[in-house]
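For reference, the structure discussed in these notes is given below.
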Amino acid sequence: MSKTKTIKTPIFLFLFMALLMSCNTKNKSENSIVKADEKVAEQTEAKALKKILFVVTSHNEKGNTGKKTGYYLGEVSHPWNVLHTAGYEIDFVSPKGGKAPVDAFDMTDSINKKFWDNDVYRNKIENTKKPKEVNPEDYIAIHYAGGHGAMWDFAENTELAEIAKQIYENNGVVSAVCHGPAGLVNIKLSNGSYLVDGKKVNAFTNEEEVKVKLEDVVPFLLEDTLIARGAIFEKSAPFTKHVVTDQRLITGQNPQSAHSVGEATLKELQRLTKSTK
């Protein structure tokens, strides 16, 4: 009897160890499959993110002053940093296409430098699309960057207004900062109403324009024109951060608001993504 027990015990241990190894192998295999599925899901979700279109000015002079202008670099780089970091690809369009003139070229701003040193995006903004090259269906949001140049070539550009209208009516987001809301003043929706009508909005204020001594140089005052279009204009003290979101329309008052406009846009995009799941 003792010999039989001695023989059976090693056999039992062998079978037990074999079964244990088999279970471990199965669990590892199943874990690998789960991780692979999760990775595919993440990749699919990333691919599913539609792009964001940034609008920058083609205009490079402040009226007849001889002073140069263009798009304000920080009003591109700071929203770009928020949205690009979140996984969105960004394209650039300007009224004329091609190389866009840049203003406030401050490389002591680390985010400006990060953007400018990114070869892909540096190439994009120096080779902007023309409006006719843009398919609104490709974009989930459109962002109008400021810079005084926008006051001369955003408002009357019907092609850009049509692109923004289509993105908005496709349940997308429209954002603008500082002088960027010049691009909003003539956007009309399919029902004939202005995009800004009845919505809370802000932009570079009359007081701020006076402080930079350009109130008689710009072709119109943003605050006055937005109010005339039916906007509920909000503002803070000059050069104080102020951002407002209302019905997928996000606006920021000045360069100090650029980063927060990016954050508010991302928050709204995340809300829309959750509501469609």
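Note that the structure is predicted; figures quoted are calculated from it, not measured. For this chain, numbers begin at 1 and follow the sequence in order.
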Which pair of heavy atoms, one from [X] and one from [Y], lies closest together, and at what distance?
X	Y	answer
D153	H59	OD2-N, 3.2 Å
P181	T251	CG-CG2, 4.4 Å
T128	G98	OG1-O, 2.6 Å
F154	A182	CB-C, 3.9 Å
Y72	P255	CE2-CB, 3.8 Å
L266	A86	CD1-CB, 3.6 Å

Establish, yes or no, whether the cationic atom of K124 lies under 6.0 Å from the six-membered ring centre of F92 and within 45° of the ring axis.
->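 Judged by the rule, K124 and F92 form no cation-pi pair.
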Pairing residues for [X] by the side-chain contact (heavy atoms from CB on, under 4.5 Å) criterion, not counting sequence neighbours:
X	answer
H242	N202, E234, S236, Q253
N60	K68, P101
S77	I111, N112, F115
N123	N127

To the nearest 0.5 Å, what is the distance between CD1 (I167) and CD1 (I140)?
->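 Between I167 CD1 and I140 CD1, I get 9.0 Å after rounding to 0.5 Å.
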Crowded around K267 NZ? As in, over 12 foreign heavy atoms under 6.0 Å?
->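 No, NZ of K267 has 12 or fewer neighbouring heavy atoms, counting only those of other groups under 6.0 Å.
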Intermediate values then yes/no, side-chain hydrogen bond (donor to acceptor under 3.5 Å, both in side chains), H148 and E61 | CA-CA 8 Å; H148 269 94; E61 188 175 347; over 6 Å; no
For K199, which of L249, T245, I232, V244 qualifies under side chain to side chain contact (heavy atoms under 4.5 Å, CB included)?
->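 One option only clears the test, and that one is L249.
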When the ring centroid of Y121 is compared with that of W80, is the distance short of 6.0 Å?
->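 Under 6.0 Å, so yes.
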With sequence neighbours left out, which residue pairs that include part of residues 159-169 fulfil the salt bridge (charged side-chain N to carboxylate O under 4.0 Å, His left out) condition?
->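 Applying salt bridge (charged side-chain N to carboxylate O under 4.0 Å, His left out) to every pair that reaches into residues 159-169, excluding sequence neighbours, yields E162-K165.
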Which pairs count as salt bridge (charged side-chain N to carboxylate O under 4.0 Å, His left out) when at least one residue sits in residues 126-138, sequence neighbours excluded?
->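 Qualifying pairs: R122-E126.
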Pair K50 + E89, salt bridge at N-O below 4.0 Å =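 Between E89 and K50 there is no salt bridge, as every charged N stays at least 4.0 Å from the carboxylate O atoms.
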Check whether any side-chain N or O of [X] sits under 3.5 Å from a backbone N or O of [Y] as a donor-acceptor pair, and report yes or no.
X	Y	value
N254	F204	no
R229	D197	no
T57	Y71	no
R248	Y168	yes
D246	K200	yes

State, without any angle test, whether E75 and H259 hold a side-chain donor-acceptor pair at a distance under 3.5 Å.
->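 Side chains of E75 and H259: no pair found under 3.5 Å.
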In terms of side-chain heavy atoms, does T205 have a donor or acceptor partner in E208 at a distance below 3.5 Å?
->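 Short answer, yes.
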Check the pair N170 / Y139 against side-chain hydrogen bond (donor to acceptor under 3.5 Å, both in side chains), numbers first and verdict last.
-> CA-CA 9 Å; N170 285 341; Y139 301 95; over 6 Å; no
Name the orientation class of the two ring planes belonging to W116 and F105 (parallel below 30°, tilted from 30 to 60°, perpendicular beyond 60°).
->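 Judged by the thresholds at 30° and 60°, the geometry between W116 and F105 is perpendicular.
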